[in-house]
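To start, the structure under review is shown below, and the notes come after it.
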Amino acid sequence: MDFRLSPEEEAFRQEVLDWLKENLPKNWSGDRFTRDRDPETWNIYREFAGKLAEKKWVAPAWPVEYGGLGLSVIQQLIFNEEMAYHQAPLGYSVIGVGWAGPTIIVYGTEEQKQKHLGAITSAETMWCQGFSEPNAGSDLASLQTRAVRDGDDYVINGQKIWTSGAHLSDWCILLARTDAEATKHKGISYFLLDMKTPGISVRPLIDMMDNHGFNEMFFDNVRVPKDCLLGEENRGWYMAATTLDFERSSIGGAVGGRRMVEELVGYARETKRNGKRLSEEVTVRVRLADAALEVEIGRMLSYRVVSMQARGLVPNYESSIAKLFNTDMQFRLAKAGLEIMGLYGQLEPQSKYAPLRGKFERQYLWQTGMIVGGGTPEIQRNIIAMRGLGLPRQ
Amino acid sequence: MDLGLDEQQELLKNFARDFLEKECPESVVREMEEDEKGYSPDLWRKMAQQGWMGLIIPEEHGGTGMKLCELVVLLEEFGRALVPGPYISTVVLGAVPIMEGGNDEQKQQLLPKIAAGDLIMTMALTEPSAKWDADGVALEAKKQGDDYVLNGVKLFVPDAHVSDQMVVVARTSKGETAEDGITVLLVDSKSAGISFELLRTIAADKQCEVTFENVKVPAANVLGEVDKGWPIVEQTKRMATVAACAYLVGLSQMDFDVTLNYAKERVQFGRPIGSFQAIQHKLADVVIDVDGSRFITYKAAWSLQEGEPDADMMISMAKAWTSDASRRVVAHGQQIHGGIGFTKEYKIQLYFRRQKWMELMWGDADYHRELVAQALEV
Ligand SMILES: Cc1cc2nc3c(=O)[nH]c(=O)nc-3n(C[C@H](O)[C@H](O)[C@H](O)COP(=O)(O)OP(=O)(O)OC[C@H]3O[C@@H](n4cnc5c(N)ncnc54)[C@H](O)[C@@H]3O)c2cc1C
């Protein structure tokens, strides 16, 4: 056991910090949640991804041949932490780098790797994830979108839902049923789909924050060449599980939470109520202390996943623990922030009175979505209980 | 002892539910979120025709003379339907101070108009200090001839921008205690020197910043006695706190009903999600929160209505509990809905966002827990 970073790792952290100082967009106040996903914000994301690409930092831990630097998972962690801490505008590459690319690295043909990984690391392509359907959410394996083999092509028909960023994406990791006769897990295939293919239509879904983040996606005789298939036909379910593990170990952002706690501490110190500072109130102090320690625990649960990867182990239910704890924790943190702010907590970012630019109010809504996205708490608990603890199935 | 509704209350409840289902459907709630006024004059008139504006106003002043417990029954239905607009502002924040502190002339002049739905009112109490207590009142009212001149800022004032009159809580002198020196004035909202700015809030309800710049108010508009107005505010706060609880009870109940229904209908893994024990236990926890909120709110309302000695503690217990419990309810509601809960289009988020508003109104759980502790003489 050793929580210390090596001198090289510390030096890398410093390098990231110095770079961020230079390259964070001017006037970027880290308000990801205050104006997420309007076109202007997406341009900021895109530009920032371009700057990272120049430094080969879109996916620094990927092999050099795919545009990474072959850094260690620990260095990648340091990188992720500093990006999260500085609330860097990373939205562009989240899916490509976080879970689409890694799945391609594991299962893709050399040709597929050449085609996609370099484009991800050079920030030329943005990815979305076409997994969920109206009747296949938690029960993803019951998905009904069909892909039928026709000569050298597949023809896809059906519908996806909740597809984040589909309206902006160039490529999509798509699950579709290729064998309607087989049991439900055994008839699914995994496709790498060009979003420009004729027959795809994307319809916006507006979320409760009044943002356009996710979408419905419809496929009407979408014809794709068979080399879009990832891995073997009908083995898609198992690759999807890998994708979801990658997704669950990258969601969470405990360190973004650390920054929010610091901001909250600053607010409590500066704000007076009842003639004294908020930070002198016991209820406020308890909330701040709880928030800080929960962030630290969330961080350790994420570190454990990375530390396993560094030892060459494949994390399993451990990613579910990190995902579940960290998204719940971020919701509690937002809630604690609003409680500390009292009447002011309800104000939206546009209000001149909004504390910390309304960031906590946005988070309070956003985290309800994050708790569900990537697998609900019940599904994570099922994984922890059955896959992790070996308890009998229901 | 009987924790159930009596016949009249049952009638009121059923009538209100049918009426609001028809007259205040979800589409009206959504429309009013975007609407600057935040209420529909048409619906307002229809509600007035039911006698709801005068529900707790004595018959001699044009009301129906019912009591707080009946108002609670009605407000539960308001919470259920998320009725937008200045109802609580007018009927509680406006009418109660007049009933408490007004002289005969003021009562005769204003109460019948409120009961008829011809007057929209609110109370301007809180300031940028965001305090519900007397020491938060700094807005100055200075005697000048036959007038008072008001200067200062009120913040988080519900529905002020559409009000005809405001009950303004002002400071006329600095007494020995914070409560000394507070005067309650009836102020015409159109008076020169008053300006309104709408605040954008999580619930898209309508709260305002109200700025007073040399606003002249005739001395005849003082409610009750000069410098001794705080008890009027206190009584209004008690009623408003109970009203907020009742709204939260209805809101929680509806969030729960919608969620329960969804759990029965939504199928994953070949069975309704409500058949999974994880979901069943959640829903069981939710119904405990909803029922607990309802009965402590009833108890608080009854205690206040009957003048029980522990009424204040009951009110604070009710608001402390209901503020937290309703938040747990709506958080579970979101989660049990999965992805659809996060969409704007589906109704459950309306409950989630509005819960936060009523959680804060008239004191959050922290504020009222402290009052409970004080009542226990801790
Ligand atoms: C902000 C956001 C972004 C998203 N982005 C994407 C995306 O880019 N691509 C994509 O494919 N999907 C995306 N999703 C979809 C997400 O993965 C699903 O919403 C999630 O898996 C839940 O599925 P569902 O919405 O159908 O809910 P359901 O599966 O219907 O779940 C409803 C409730 O039932 C419970 N439940 C279900 N099964 C069980 C069980 N066996 N035991 C106990 N409880 C159970 C759930 O926990 C939940 O509380 C996104 C969702 C959100 C909120």
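The figures that follow rest on heavy atoms only: side chains count, while hydrogens, waters and symmetry mates do not. Every chain is numbered from 1, with letters handed out A, B, ... down the list of sequences.
Between the side chains of Q346(A) and E359(B), not a single donor N or O lies within less than 3.5 Å of an accepting N or O.
Between D366(B) and R287(A), at least one side-chain N (NZ, or NE/NH1/NH2) sits under 4.0 Å from a carboxylate O, which counts as a salt bridge.
Using a 4.5 Å cut-off between heavy atoms, E197(B) contacts chain A through its side chain alone, with no backbone atom that close. Heavy atoms closer than 4.5 Å to chain B are found nowhere in K272(A), neither backbone nor side chain. Proximity to chain A (any heavy atom under 4.5 Å) is restricted, for D364(B), to the side chain, taken from C-beta onward. Only the side chain of Q207(B) has a heavy atom closer than 4.5 Å to any heavy atom of chain A. For a residue to count as touching a neighbouring chain, one of its non-hydrogen atoms must lie under 4.5 Å from one of that chain's; by this rule N382(A) does not touch chain B. Interface remark: I379(A) contributes side-chain atoms only to the contact with chain B (heavy atom separation under 4.5 Å). If you measure heavy-atom distances from F276(B) to chain A, the contacts under 4.5 Å come from the side chain alone. For a residue to count as touching a neighbouring chain, one of its non-hydrogen atoms must lie under 4.5 Å from one of that chain's; by this rule A136(A) touches chain B with the backbone only. With a 4.5 angstrom heavy-atom cutoff, L365(A) touches chain B via backbone and side-chain atoms both.
Between the side chain of Y353(A) and the backbone N or O of L155(B) there is no donor-acceptor pair closer than 3.5 Å.
More than 12 heavy atoms of other residues, nucleotides or ligands sit less than 6.0 Å from atom NZ of K184(A). No more than 12 heavy atoms of other residues, nucleotides or ligands sit less than 6.0 Å from atom CZ of R269(A). Residue E26(B) places its CD atom among more than 12 non-hydrogen atoms of other residues, nucleotides or ligands, all under 6.0 Å distant. Under a cut-off of 6.0 angstrom, the local environment of CD in E213(B) is sparse, with at most 12 non-hydrogen atoms contributed by other residues, nucleotides or ligands.
Rounding to the nearest 0.5 angstrom, the gap separating the CG atom in L343(A) from the CG atom in L199(B) is 10.0 Å. Distance check: S351(A) OG to E209(B) CD gives 8.5 Å after rounding to the nearest 0.5 Å. Atoms CD1 and OG1, on I336(B) and T376(A) in that order, are 10.5 Å from each other to the nearest 0.5 Å.
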Using side chain to side chain contact (heavy atoms under 4.5 Å, CB included), reason through F342(B) and L205(A) one step at a time and then give a plain yes or no. CA-CA 10 Å; F342(B) 195 58; L205(A) 287 169; over 6 Å; no
So D207(A) and K344(B), salt bridge (charged side-chain N to carboxylate O under 4.0 Å, His left out) or not? Walk me through it. CA-CA 5 Å; D207(A) 66 32; K344(B) 185 179 186 185; over 6 Å; no
Evaluate salt bridge (charged side-chain N to carboxylate O under 4.0 Å, His left out) for E339(A) paired with K356(B), printing each intermediate quantity in order. CA-CA 10 Å; E339(A) 285 166 356; K356(B) 190 71 211 177; 5.3 Å; no
Using the side chain to side chain contact (heavy atoms under 4.5 Å, CB included) rule, take T343(B) and I206(A) through it: C-alpha gap first, then chi angles, then the decisive distance, then the call. CA-CA 6 Å; T343(B) 59; I206(A) 305 303; over 6 Å; no
What's the verdict on side chain to side chain contact (heavy atoms under 4.5 Å, CB included) for T283(A) and Y367(B), showing C-alpha distance, side-chain angles and the deciding distance? CA-CA 10 Å; T283(A) 52; Y367(B) 175 79; over 6 Å; no
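Of all the listed residues (I371(A), I161(A), T368(A), D139(A)), the one sharing the greatest number of non-hydrogen pairs under 4.5 Å with chain B is D139(A). Interface summary for chain A: among Q335(B), R353(B), Q334(B), the most heavy-atom pairs under 4.5 angstrom belong to Q335(B). With respect to chain A, the highest number of heavy-atom pairs below 4.5 Å among A130(B), G339(B), A278(B) belongs to G339(B). Chain A forms the most heavy-atom pairs under 4.5 Å with one residue out of R327(B), E345(B), K131(B), Q349(B), and that residue is R327(B). Between chain A and the residues L350(B), D135(B), T126(B), I202(B), the most heavy-atom pairs under 4.5 angstrom are made by I202(B).
Side chains of Y344(A) and L360(B) form no contact here, defined as non-hydrogen atoms less than 4.5 Å apart. A heavy-atom distance below 4.5 Å is found between the side chains of F156(B) and L347(A). Using a 4.5 Å heavy-atom threshold, the side chains of S129(B) and R273(A) count as separate. Residues E378(A) and I279(B) have side chains in contact (heavy-atom distance under 4.5 Å, counting atoms from C-beta outward).
Closest heavy-atom contact between G341(B) and M208(A): O-SD, 3.9 Å. Of all heavy-atom pairs between V372(A) and G338(B), the closest is CG1-C, 3.6 Å.
Residue-level contacts of residues 266-274 of chain B with chain A, in order of numbering, are R266(B), Q268(B), F269(B), G270(B), R271(B); threshold 4.5 Å between heavy atoms.
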